[in-house]
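Since the model is a prediction, treat every value here as computed from it, not as a measurement.
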Amino acid sequence: MRRGTINVILLGLLFLLGLPRGANVEEQAFIISMALDRMPEGKLLVSIQVPTPAANSGEGSGGSSSSAYAVLSADAEDYRSALETLRVSLPHILNFSQLNQLVISQELAEEPAFLDMFREVMATQGIRHSASLVIARESAKDFVTALQPFLDVRLSTSINTYMDSLKERGVIPDSPIGEVIRQIDGAWCDVIVPYAAHVGMHRDELTEEEEISPLDTLPGDLRYTGKPDVEYLGAAVFHDGRMVGTLTGLEVQLVNFMFSRMPQIILSANGVYYCLDQRFITRLGLDMSTTPWTIHIKGSIRSCLLYPGLHDSMAVHDVFVDQLKKLVIKLQDMGVDPVGFEGQSVRSVWTLKDWSETAWLEGYKNANVEIEVSISMGELR
């Protein structure tokens with residue numbers, strides 16, 4: 001018995017001694033962001049953003065300056081070939097464990113074959129599934145190149161801080177790539193992910209002032225001349241594995257209302273600004289017994305004046321309901337359902353065969369919309 005135990009221990013030691021030695025940190029290239037673009041000739045351009053030796057050694061503002069990060073690119077017929085080109089051309093091992101965001105150009109996201117390419121990316125060895133998926137309005141490489149750290153911190157910290165603040169305000173959705181692929185494959189609702197732009201490409205176009213709410217625009221359209229060259233706002237909407245449309249920042253906040261997780265939002269009614277809070281869980285339903293079908297949305301909000309004045313709760317109600325109804329009709333026109341009406345309705349039939357005979361998409365697009373929102377007045381805290 002004792003001899004057998006000793007033999008097992010010896011075999012275990014021999015196995016451990018035979019394992020390859022782990023690579024040193026200095027031998028690895030930790031990828032912060034990865035960008036995917038479609039080139040004019042049809043090839044796929046894969047770009048990775050990695051710290052330079054200056055960043056690793058602490059030179060240049062503690063390794064946080066934009067010069068401390070390099071963007072390296074390779075093009076090929078497909079993702080795997082481009083990634084292999086990067087692997088053999090770099091003296092370091094590509095490490096995806098610190099991947100912060102995957103940025104894909106809108107042109108590429110709108111391709112019918114986008115989902116197949118995205119699955120290839122998800123199959124990358126060691127890729128970090130909590131990295132955010134972001135859709136860039138134009139070139140994903142230019143967007144990643146324009147990313148800059150601030151306040152003398154690491155670039156990954158800057159990106160996380162900026163995106164977390166926008167998620168807390170509800171103007172962009174949360175989009176870890178692992179959750180995105182899970183929803184595409186199995187959820188009864190469509191996916192929305194953050195929409196972004198390289199502002200520097202649009203600054204010359206933004207000379208005219210317009211009477212428009214900032215949250216009703218898309219990234220790259222805001223009238224401002226701040227220092228950041230990148231901007232996240234709103235969402236890209238996916239259906240059947242490809243991008244089919246966009247939502248503004250306000251529309252994403254209203255989607256959050258239907259998900260019962262709307263943060264405080266600012267709304268203007270008759271020139272007066274109000275702060276709105278969600279009070280209770282939003283009740284959603286789709287009545288398929290009527291002709292046409294009827295979408296029901298029932299919720300409650302609290303309204304507070306931002307500045308001293310007369311509180312017009314009816315005006316707030318009318319503006320909020322009008323904006324919410326316009327959003328639902330927009331989603332119907334696009335044929336997308338990021339809220340999950342389909343997931344609720346599928347439970348009303350016995351089998352998937354019965355469900356396939358309901359002509360869901362046609363019924364959803366033609367459905368009437370009934371919204372009931374109660375408003376209570378309060379004081380800003």
What is the distance from atom CZ of Phe280 to atom OG of Ser374, rounded to the nearest 0.5 Å? 7.5 Å

Examine distances only and state if a side-chain atom of Asp190 and a backbone atom of Val336 form a donor-acceptor pair shorter than 3.5 Å. no

Main-chain N/O of Ile135 paired with Gln106 side-chain donor or acceptor, under 3.5 Å: no

Least distance between heavy atoms, Gly363 atom then Trp293 atom: C-CE3, 3.4 Å

Of all heavy-atom pairs between Pro173 and Gly234, which one has the smallest distance, and what is that distance? CD-O, 3.8 Å

Across all chains, not counting sequence neighbours, the side-chain hydrogen bond (donor to acceptor under 3.5 Å, both in side chains) partners of Asp354 are Thr351

Can you tell if the side chain of Glu357 reaches within under 4.5 Å of the side chain of Val349, non-hydrogen atoms only? no

Can you measure from OG1 (Thr248) to CG (Leu327) and round to the nearest 0.5 angstrom? 8.0 Å

With a 4.5 Å limit on heavy-atom distance, are the side chains of Gln183 and Phe238 in contact? no

Quick check: is Leu86 connected to Val71 through a chain of hydrophobic side chains (ILVMFWY, heavy atoms under 4.5 Å apart)? no

Heavy-atom distance under 4.5 Å between the side chains of Leu44 and Asp75, does that happen here? no

Can you tell me if CD on Glu84 sees more than 12 non-hydrogen neighbours from other groups inside 6.0 Å? yes

side-chain contact (heavy atoms from CB on, under 4.5 Å) assessment of Met117 paired with Glu111: CA-CA 10 Å; Met117 186 275 300; Glu111 292 183 0; over 6 Å; no

Provide the closest heavy-atom pair for Ser158 versus Pro149 in the form atom of the first, atom of the second, distance. OG-CA, 3.3 Å

Spell out, as yes or no, whether a donor-acceptor pair under 3.5 Å connects the side chain of Asn95 to the backbone of Ser97. yes

For Leu247 and Leu331: C-alpha separation, side-chain torsions, deciding distance, then whether side-chain contact (heavy atoms from CB on, under 4.5 Å) applies. CA-CA 9 Å; Leu247 299 178; Leu331 296 175; 4.1 Å; yes

Once you round to the nearest 0.5 Å, how far does OG1 of Thr291 lie from CE of Met288? 11.5 Å

May I ask you to decide if Ala367's main-chain N or O and Gln332's side chain share a donor-acceptor pair within less than 3.5 Å? yes

Arg242 side chain to Glu110 main-chain N or O, any donor-acceptor pair under 3.5 Å? yes

Determine, stepwise, if the pair Phe118 / Tyr79 fulfils ring-ring contact (aromatic ring centres under 6.0 Å, His included). CA-CA 9 Å; Phe118 187 44; Tyr79 169 76; over 10 Å; no

In terms of heavy-atom contacts, Tyr195 and Ala236 come closest through CB-N, 3.9 Å

Leu147 side, atom CG; Ile159 side, atom CD1 - distance, nearest 0.5 Å: 4.5 Å

Donor-acceptor under 3.5 Å (Thr52 side chain, Ala68 main chain): yes

Counting N and O atoms only, with roles assigned by atom type, does the side chain of Arg38 sit under 3.5 Å from a partner on the main chain of Gly42, one being a donor and the other an acceptor? yes

Going through the checks in order, is the side-chain contact (heavy atoms from CB on, under 4.5 Å) test met by Phe257 and Ile301? CA-CA 9 Å; Phe257 171 78; Ile301 58 176; 3.7 Å; yes

With Ile104 as partner, the option from Val134, Asp37, Leu133 fulfilling side chain to side chain contact (heavy atoms under 4.5 Å, CB included) is Leu133

CD1 (Ile177) and OG1 (Thr124) are apart, to the nearest 0.5 Å, by 8.5 Å

Side-chain heavy-atom pair Lys43, Glu77 within 4.5 angstrom cut-off: yes

Given the rule that I, L, V, M, F, W and Y join up when any side-chain heavy atoms are under 4.5 Å apart, are Leu218 and Tyr232 in one cluster? no

What salt bridge (Lys or Arg N to Asp or Glu O under 4.0 Å) pairs are there with at least one residue in residues 112-130, not counting sequence neighbours? Arg80-Glu120, Arg119-Asp185

Do Met377 and Tyr274 touch side chain to side chain, with heavy atoms closer than 4.5 Å? no

Give a yes or no on whether Val230 and Leu233 share a hydrophobic cluster (residues Ile, Leu, Val, Met, Phe, Trp, Tyr; joining criterion: side-chain heavy atoms under 4.5 Å apart). yes

Are Val339 and Ile371 joined in one hydrophobic group, where the rule is that I, L, V, M, F, W and Y side chains link up if heavy atoms are under 4.5 Å apart? yes

Any Gln253 side-chain heavy atom under 4.5 Å of Val171 side chain: yes

Can you spot which of Leu102, Val144, Val50 makes a side chain to side chain contact (heavy atoms under 4.5 Å, CB included) with Ser33? Val144

Same hydrophobic cluster for Val328 and Trp360, using side-chain heavy-atom links shorter than 4.5 Å among ILVMFWY? yes

Is a side-chain N or O of Gln278 found less than 3.5 angstrom from the main chain of Met262, in a donor-acceptor match? yes

What pair of heavy atoms forms the shortest contact from Pro263 to Glu168, and how long is it? CB-O, 3.2 Å

Non-hydrogen side-chain atoms of Leu90 and Ile48 separated by less than 4.5 Å: yes

Without placing hydrogens or testing angles, list every side-chain donor-acceptor pair under 3.5 Å for residues 310-325, not counting sequence neighbours.
{"unit_1": "His311", "atom_1": "NE2", "unit_2": "Ser303", "atom_2": "O", "d": "3.2"}
{"unit_1": "His311", "atom_1": "NE2", "unit_2": "Ser303", "atom_2": "OG", "d": "2.9"}
{"unit_1": "Asp312", "atom_1": "OD1", "unit_2": "Met314", "atom_2": "N", "d": "3.4"}
{"unit_1": "Asp312", "atom_1": "OD1", "unit_2": "Ala315", "atom_2": "N", "d": "3.2"}
{"unit_1": "His317", "atom_1": "NE2", "unit_2": "Val373", "atom_2": "O", "d": "3.3"}
{"unit_1": "Asp322", "atom_1": "OD2", "unit_2": "Lys326", "atom_2": "NZ", "d": "3.3"}

Could you measure the distance from the CG atom of Leu72 to the OG atom of Ser89? Nearest 0.5 Å is fine. 7.5 Å

Dump the intermediate steps for side-chain contact (heavy atoms from CB on, under 4.5 Å) on Leu94 and Leu83, then the final yes or no. CA-CA 9 Å; Leu94 297 185; Leu83 193 63; 4.0 Å; yes

What are the two closest heavy atoms between Lys167 and Ser132, and how far apart are they? NZ-OG, 3.8 Å

In the structure I gave you, are the side-chain heavy atoms of Pro51 and Gln98 within less than 4.5 Å of one another anywhere? no

